[in-house]
Every structure is written in structure tokens, then in C-alpha cells.
Undergrad: 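This is the structure I want to talk about, given as C-alpha cells.
All chains are named by letter (A, B, ...) in the order of the sequence lines, taking the proteins before the strands, and each is independently numbered beginning at 1.
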Amino acid sequence: MQKDIKRLSFLLLFAPFALWITLLIILPHLGMLHISLREKVAPRVYEFGFGNYLNFFNEPIYWNTLLRTGSMSLLVTLLALILGFPIAYYIAKIAGRRARGALFLMCLIPLWVSDLIRAFGWILLMRETGVISNTLQWAGVINAPIEFLYNDATVIMGLVYTTILFMIVPLVSTLDGMDDAMIEAGYNLGGNGPTVLRRIIIPYAMPGIVSGCIVVFMLTAGSYLTPILLGGKNSSWFTEQIYDQFITRYNWEAGAAFGFVLLAFTSLVIWGGLKLTGQTLNTTVARS
Amino acid sequence: MAIKPSIIFLTGYRIYVVAFFVFLAAPLVGAGMFAFNDSMFPSLPWRGFTMDWFFNDTEPKLGMFHDRRLMRGLYYSFVIASCVSMLSVFVGTCNAFLFVRYKFPAKDFLYIVMVVPLVIPGVILGISILLVASTIANGAAATLSLELDFLRPGIVLVVLGQFSFITTITSLVVIARLKKFDVSLEEAAFNLGASRVRVLRTITLPFLFPAMAAAGIVAFLVSFENFNTTLFLVGSEAPLTITMYDRMVKVGSTPVLNAVSFFLMVGSALLALVSVLVQRSKPLT
């Protein structure tokens, strides 16, 4: 009797999970795979084949865009780590007890503001008639308005801005769990600042670092708004290509193939990063 | 700390931290500030303070609360976010019990599967769901001459698309809380003769409530601000982010968009504050 109840409750709890994963994750991806593997030979006639993928590799503009998206995303991830680590360390280890909570909250507030609004804010600051250009002119630094938008540096800055919080939050929570005595011991054994950082703090924070990097890389490579709004026509981000195939050209087969290429590419990079650092999804993103 | 870093180093460090927070605040201030500028364009020079972009009821300076399309977007966003929030907290709580309380084959693997939706780019989630839903709807229309309207782009698909990855977030939040639960509390209640349902209702759920509420608020906010997944699934009932984007790209920006931005920032900040307070509060047990 008791066992039956346990079994029944297990099934009842398992059902929502199974439905969610099967219907909304697995089935759509299988469907997308299926569509990406069919070629249009005539109106409403399809054949199985790898043509859509071959198309991708034969057209330099497509894989160049992917490589560009990938390398810029790696750069954004690296910048977010380098810029975010000192902030996380400050919040977790240096700030006083009361300041800590306040700083952490301040870090979180932009997290709850839409990507769109953040990009909109940057546009208003950085465009030709924007606040920065105006202020510089008023201060006499420049004589004519300057357009700060629509270049790679601005896109990278905007992407670092939108994703850095996802780096800081896991870093703070790992560094928070680190015993100060470990750092003291490092100094007592004769280590200087950089040695302690390299030999003690960074290895300890590794799960947080990897977790932050995965999320930041994934968000950047999959981002759509920031590159388009800050980069304009020449941003050539890969998600833009996908959108273009789907919505503008109505070529679902190619769009699905492109989607899979992006998915495979980001998965590969994340898998490589996990292998390189000896972590797993369980020790990083899924840590709770 | 054992070794005090030098004053110069610490000062430099502090300056960097301050500069970082200025950087964080800059676009938010930029987006919010021009909501109060009495001008037709969201740019300098400053022409004086006004609340027109919120409350004025005539063109050309139509305030956001009188702008039909923006208000409709806000309404749809609210409806979508409420549905996503309730659904994802429900499934997230089920997942928490499943993964914390039960042992079953391939549990570690399935746990990773549960986290995966968070690592899939939102654009991909959107198009894959759009593809399958449209394929099924087309198939049903062609073979059974059945019109499955809910599988066409629209509110239902937007809710499903956002739900598909937000559930991972809510699950993680509730799991973290359930892991801290002391099972002996439940055992004591059982020993005192309470039924399963009663134990769940009076002991376990009240303990979980702060986490469920916080997860619900997080889900609501993430849904409200989502763009990437929504973009592909949206029908004629466009939520606010899509409406704003359309207006920005097609019409060009007027300060009414700043007013909406300001409104959303204040709203999210308040909700985020509530979620922090709820999580901090002691459970009723």
C-alpha cells in the first residue's frame, strides 16, 4: 500500500517533467533536425539530404558570420571575466557586511531591465546626437558630432554590459563560500598577491568561473537585439542570418539548418570549455 | 584579511568599483532621464521637466498611458508573464520534489537534461517550437481539416516558448530551498498521525513558499523582458517588448519609449525588491 502510494506520487511528479522536456525541448529539436535535413526539389516536394548544411559550408558569408559571432562571443566572455572578477571579489571579500548586500543588489538591478531598454539607453547616449557626443562638444574636446554607434567596439561593449552580471553572480556565490583562512595561509606561506590569486583564489573559484563563462558565452552567441541595435547593418551576427532565413526569405529548411549549426557550435565550445577545465554541467551551471 | 593591501592599491580598486557601477547605471539613466524632457526627441538639450510623456492625452505628445498600442502591449505582457509564472512555478515545484525526494534510474542524466534549456539560445528555442507547432497545425489542417489555432503564432505559443526555459530557473530556485528542508519535521508530523496531504499543506509547502514566491517573481520578470524567444512566436497580440521594438525600428524613438522604459524599470525594481524581502522572511513553520 505504502509502496503503491510512493509509486503513484512519483509518476504524478514525473509527468510534468516528462511532458515539459519531451514536448517543448526534445520534440521541437527533432522536428527542426528533420526539417533541416530535407531539400526542396519542387514546390511541396521534398527529398532527404544534407543540402542545407552543404549550402552553409559552401557560402563563405554564412560560415564567416558564424566564426565572427563565435570569436566575438569568446572575446566578450573573456572581457566579462576580466572586468567582472575584481567586482565579484570586492563584493564577496573586501566590502563590509552591510555594503556587500547593497552592492550585490545593485549588480542585480540591471538584470531585471529588458535587453531592449538597456540597448535603447546606450543608443541615446552614444549616437551622433547623443549625450556623450554632445557633452564632449560642450567641453570642447571635439568640434563636430561623433557617431559612436555601429562599430564592433560598441557592440562588444554592449554585449559585455548585458552579460557581465551573469558572470558576477556565480563568482560572488563561489567566492563567498571560500574561507578567508585559505587566503591568509597563502600569504603566511610566503606567497605574494599574484601568487595567492593564481594558486589559491582562481582554482577555488573555478566552478563559478566556468559557470559564468558558459552562461555569458551562450547568451552572447545567441543574442539578437544588442548586435542589431548597436551594430546596425554591419553587425552581421549569426542569429540575424537565422531570422533572415526564417522571416524574410521564408526558407524554413535553411533556417532550421542554421539553427542547428549554431546549436552545435555553441554546444561544442561549451563542451570544450568544460573538458579543458575539468568541470561538468553538474558542478557549474546546475549547482544549486 | 591577514595582509592589508597597500592604500594606493585599495584606493585604485575602489575607484574601479565605483567606475563599474557608473557604467552599469549609465544606459538606465540615459533611458529613464529623457522621459521627463519636454522635447519631441529623446536627446539633449534639456528643455525643461514634463510629465506629458506619461499622462498627456493628445497627439503629438501622446503619453504612454493614453497610447492604445503600448497599453495593449503592456496588457498582453502581463497576461503572458502571469501564465508563465504560474505554470513554471508549478512544474518547478514538482521537479524539486522529484529530484530531491526520489531515487530513480538515470537521475543524474535527467538532472542535466533539466538544466539544458537554460543553455540553449533563446532564438533556437523560439524557432524550433514555431516549426513543430506549425508543422502539426498544417498537418491537422491538411489531413483532418482541423484548424488548431492555438498552434499558430500567438499568446499560447509565446507562453509555451518562455515556459520552456523559465521552468529551469524556477526548478533550480525551489530545489535549492527544498534541499535545506529538515525531513525530521515531516516525520514528526507523520508520527503524530497527520495524513500525507496534511503534512504537505501545513509543513512542507509553507516552508517552500518563500522560494516559490521568489521563483514566481523571477519568472514573471524574465518573461516580461524576454525578446529573443518571443520574437518568433508572436502573433497579432504583441507583448510590450515587441511593440516597443517595432516602434523603435519603424517609427523612430520619441520620449514616450523613455517613459515606458522608466515605468518598466521602476516596476521591475519594486518586484525584485519584493522577491528579496520574501526570500529573507522566515517561513511560517
Undergrad: What part of B/A26 gets within 4.5 angstrom of chain A, counting heavy atoms only: side chain, backbone, both, or neither?
TA: both
Undergrad: Under 4.5 Å from any heavy atom of chain B, what part of A/I123 do you find: side chain, backbone, both or neither?
TA: side chain
Undergrad: Where on B/L160 is there a heavy atom nearer than 4.5 Å to chain A: the side chain, the backbone, both, or neither?
TA: both
Undergrad: Please look at B/L221 and chain A and tell me whether the side chain, the backbone, both or neither of the residue comes under 4.5 angstrom of a heavy atom of that chain.
TA: side chain
Undergrad: Which bit of B/Y102 is near chain A, if near means a heavy-atom gap under 4.5 Å: side chain, backbone, both or neither?
TA: side chain
Undergrad: Need one label for B/N258: side chain, backbone, both or neither, based on atoms under 4.5 Å from any heavy atom in chain A.
TA: both
Undergrad: Surrounding CZ of A/F265 (heavy atoms of other residues, nucleotides or ligands, distance under 6.0 Å), is the total greater than 12?
TA: yes
Undergrad: Could you measure the distance from the CG atom of A/L24 to the CZ atom of B/F165? Nearest 0.5 Å is fine.
TA: 12.0 Å
Undergrad: Would B/R101 and A/L13 count as a side chain to side chain contact (heavy atoms under 4.5 Å, CB included) here? Give the steps.
TA: CA-CA 11 Å; B/R101 293 292 176 81; A/L13 287 173; over 6 Å; no
Undergrad: Are there more than 12 heavy atoms of other residues, nucleotides or ligands under 6.0 Å from atom CZ of A/F148?
TA: yes
Undergrad: Report yes if the side chains of B/S134 and A/W252 come closer than 4.5 Å at any heavy-atom pair, otherwise no.
TA: yes
Undergrad: Give me the atom names and distance for the closest heavy-atom approach of A/G259 to B/I124.
TA: O-CD1, 3.1 Å
Undergrad: Counting only heavy atoms closer than 4.5 Å, note whether A/L103 contacts chain B via side chain, backbone, both or neither.
TA: both
Undergrad: Measure B/T168 against the heavy atoms of chain A and call it side chain, backbone, both or neither at under 4.5 Å.
TA: both
Undergrad: What is the distance from atom CD1 of A/I242 to atom CD1 of B/I127, rounded to the nearest 0.5 Å?
TA: 5.0 Å
Undergrad: For ring-ring contact (aromatic ring centres under 6.0 Å, His included), just list the numbers for A/F17 and B/F99, CA-CA rounded to whole Å, side-chain angles, deciding distance to a tenth of an Å, and then say yes or no.
TA: CA-CA 10 Å; A/F17 173 76; B/F99 282 100; 5.4 Å; yes
Undergrad: With under 30° as parallel and over 60° as perpendicular, where do the rings of B/F163 and A/W20 fit, or are they tilted in between?
TA: perpendicular
Undergrad: By a 4.5 Å heavy-atom criterion (distance strictly below it), what part of B/M33 contacts chain A: side chain, backbone, both, or neither?
TA: side chain
Undergrad: For the interface with chain B, which of A/A256, A/S223, A/G158, A/P16 has the highest count of heavy-atom pairs at distances below 4.5 Å?
TA: A/P16
Undergrad: If only atom types and distance count, is the side chain of A/Y224 paired as donor or acceptor with the main-chain N or O of B/T229 below 3.5 Å?
TA: no
Undergrad: Decide if atom CZ of B/F104 counts as having more than 12 heavy atoms of other residues, nucleotides or ligands within a radius under 6.0 Å.
TA: yes
Undergrad: Measure distances from B/F23 to the heavy atoms of chain A and classify the residue's part below 4.5 Å as side chain, backbone, both or neither.
TA: both
Undergrad: With heavy-atom distances below 4.5 Å as the criterion, would you say the side chains of B/L24 and A/M106 are in contact?
TA: no
Undergrad: Taking it one step at a time, do B/V260 and A/F120 satisfy side chain to side chain contact (heavy atoms under 4.5 Å, CB included)?
TA: CA-CA 11 Å; B/V260 178; A/F120 182 48; over 6 Å; no
Undergrad: Among A/T135, A/T239, A/L83, A/I91, which residue forms the greatest number of heavy-atom pairs with chain B at distances under 4.5 Å?
TA: A/L83
Undergrad: How far does OG1 of B/T241 sit from CG of A/D115, to the nearest 0.5 angstrom?
TA: 10.0 Å
Undergrad: Is A/L165 close to chain B through its backbone or its side chain, or both, or neither, when contacts mean heavy atoms under 4.5 Å?
TA: side chain
Undergrad: If I compare all heavy atoms of B/M244 with all of A/L116, which pair ends up nearest, and what's the gap?
TA: CB-CD2, 3.5 Å
Undergrad: At a heavy-atom separation under 4.5 Å, does A/S267 approach chain B through its side chain, its backbone, both, or neither?
TA: neither
Undergrad: Minimum heavy-atom separation for A/L125 to B/G30, with atom names?
TA: CD2-CA, 4.1 Å
Undergrad: Non-hydrogen atoms of chain B under 4.5 Å away: do they reach the side chain of A/L33, the backbone, both or neither?
TA: neither
Undergrad: Going by heavy atoms in the side chains, are A/S114 and B/F227 under 4.5 Å from each other?
TA: no
Undergrad: Is the closest side-chain heavy-atom distance between B/L131 and A/P28 below 4.5 Å?
TA: no
Undergrad: Side chains of B/L110 and A/F14, heavy atoms from C-beta outward: is any pair under 4.5 Å?
TA: yes
Undergrad: Quick one: NE2 on A/H29 to CD1 on B/I120, what's the gap to the nearest 0.5 Å?
TA: 4.0 Å
Undergrad: Return the option, out of B/A272, B/G161, B/S261, B/A31, with the maximum number of heavy-atom pairs under 4.5 Å with chain A.
TA: B/S261
Undergrad: What distance separates B/L240 CG from A/I117 CD1, expressed to the nearest 0.5 Å?
TA: 8.0 Å
Undergrad: Keeping the roles fixed (side chain from A/Y243, backbone from B/V123), state whether a donor-acceptor pair exists under 3.5 Å.
TA: no
Undergrad: At what distance, to the nearest 0.5 angstrom, does CE of A/M32 lie from CG of B/L125?
TA: 9.0 Å
Undergrad: In terms of heavy-atom pairs under 4.5 Å with chain B, which of A/I26, A/I21, A/T266, A/L30 leads?
TA: A/I21
Undergrad: Would you call B/Y13 and A/Y89 a side-chain contact if the rule is heavy atoms closer than 4.5 Å?
TA: yes
Undergrad: Can you tell me which portion of B/L271 sits under 4.5 Å from chain A's heavy atoms? Options are side chain, backbone, both or neither.
TA: neither
Undergrad: Heavy-atom distance under 4.5 Å between the side chains of A/L229 and B/M248, does that happen here?
TA: yes
Undergrad: Are there more than 12 heavy atoms of other residues, nucleotides or ligands under 6.0 Å from atom CD1 of B/I8?
TA: no
Undergrad: I need the residue from B/L231, B/V29, B/L130 with the largest number of non-hydrogen atom pairs under 4.5 Å to chain A.
TA: B/L231
Undergrad: Quick one: what part of A/I228 sits under 4.5 Å from any heavy atom of chain B, side chain, backbone, both or neither?
TA: side chain
Undergrad: Would you mind checking which part of A/I132 comes under 4.5 Å of any heavy atom in chain B, side chain (CB onward), backbone (N, CA, C, O), both or neither?
TA: neither
Undergrad: Under a 4.5 Å heavy-atom cut-off, does chain B meet the side chain of A/F246, its backbone, both or neither?
TA: side chain
